[in-house]
Amino acid sequence: IYLADHYYDEDNPVMAEQVYQKALGRYLEIIDNYPKSRMAYLARSLIEKSYQQVKCWEQMAQKLRKAIAENDDAVAAYVELAKIYQRQNKYSEAIATFNAVIKKHPDYFEARLELGKLHNDMGHYDLAQQQAETVLRMQEYNVGAYILNGYAQFHSKAYGLALKSFKRA
């Protein structure tokens, strides 16, 4: 299961699915043969953990979209949905979702930081830096914003400014 999670994290969903199915088969054998054992209990919990991580992203996204449809102000649901899109490599949807939160709640700095991290991961260092600077204008001392700003500046080869941001964090 952990190997499947690793392959999923490495953007290899086909290999993750194959490893997951093999592990699932073995865990189900344990549950069938030793239903009341501690191993069966452990197998059930590992199956559940892996199912949530590898298999349920779309189901979770559907639930979050429903929550948003019922309450357009569900800020946390928007952020979690954007993170799921990011995990699924649906970057344009993730960015659009973060931007929707920011448009409705411009002072919600957590969404700005998450958007900035996404931009940084995608190599859009100037956009990451913009989000970090916006958060710092809202909150003079925000450790996450200083760290994000530092990484964005470091990747932009502005090493002195990056060091300055990291020191402030």
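Reckoned from all heavy atoms, side chains included, excluding hydrogens, waters and symmetry mates.
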### Query
Just checking, is any N or O donor in the side chain of Asp72 or Tyr78 under 3.5 Å from an acceptor N or O on the other one?
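On atom types as modelled, these side chains qualify, holding a pair under 3.5 Å.
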### Query
Side-chain donor-acceptor pair under 3.5 Å between Asp73 and His105, yes or no?
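A pair is found: one side chain offers a donor N or O, the other an acceptor, under 3.5 Å apart.
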Count I, L, V, M, F, W, Y as connected when their side-chain heavy atoms are under 4.5 Å apart, and connections chain through other members. Are [X] and [Y] then in the same cluster?
X      : Y      : value
Leu115 : Leu64  : yes
Met122 : Leu148 : no
Tyr85  : Leu118 : yes

### Task
Apply side-chain contact (heavy atoms from CB on, under 4.5 Å) to Gln86 and Asp121, showing your working.
CA-CA 10 Å; Gln86 183 177 356; Asp121 292 345; 3.9 Å; yes
Identify each donor-acceptor pair in which a side-chain atom of residues 131-138 lies under 3.5 Å from a protein atom, sequence neighbours left out, and give them as a table.
unit_1 : atom_1 : unit_2 : atom_2 : d
Gln131 : OE1    : Arg112 : NH1    : 3.2
Glu133 : OE2    : Gln129 : NE2    : 3.0
Thr134 : OG1    : Gln130 : O      : 2.8
Thr134 : OG1    : Arg137 : NH2    : 3.2

#### Entry: Atom pair OG/CD1 of Ser165 and Ile147 - distance to nearest 0.5 Å
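Separation between the atoms: 10.0 Å.
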Would you indicate whether the side-chain heavy atoms of [Y] and [X] approach each other to under 4.5 Å?
X      : Y      : result
His119 : Ile95  : yes
Glu110 : Val79  : no
Ile102 : Tyr108 : no
Leu127 : Tyr125 : no

Can you give me the closest heavy-atom contact between [X] and [Y], atom names plus distance?
X      : Y      : result
Ala74  : Ile68  : O-CG1, 4.5 Å
Ala128 : Gly116 : CB-O, 3.2 Å
Val101 : Ala111 : CG1-CB, 3.7 Å

### Task
Verify whether the ring centers belonging to Phe154 and Phe166 lie closer than 6.0 Å.
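Phe154 vs Phe166: aromatic centres not under 6.0 Å.
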#### Entry: Donor-acceptor under 3.5 Å (Tyr151 side chain, Ala162 main chain)
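A pair under 3.5 Å: no.
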### Message
More than 12 heavy atoms of other residues, nucleotides or ligands under 6.0 Å from OH of Tyr146: yes or no?
### Response
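More than 12 heavy atoms, drawn from other residues, nucleotides or ligands, come within 6.0 Å of this atom.
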### Task
Walk me through it: do Tyr159 and Leu161 pass the test side-chain contact (heavy atoms from CB on, under 4.5 Å)?
CA-CA 5 Å; Tyr159 301 118; Leu161 292 173; over 6 Å; no
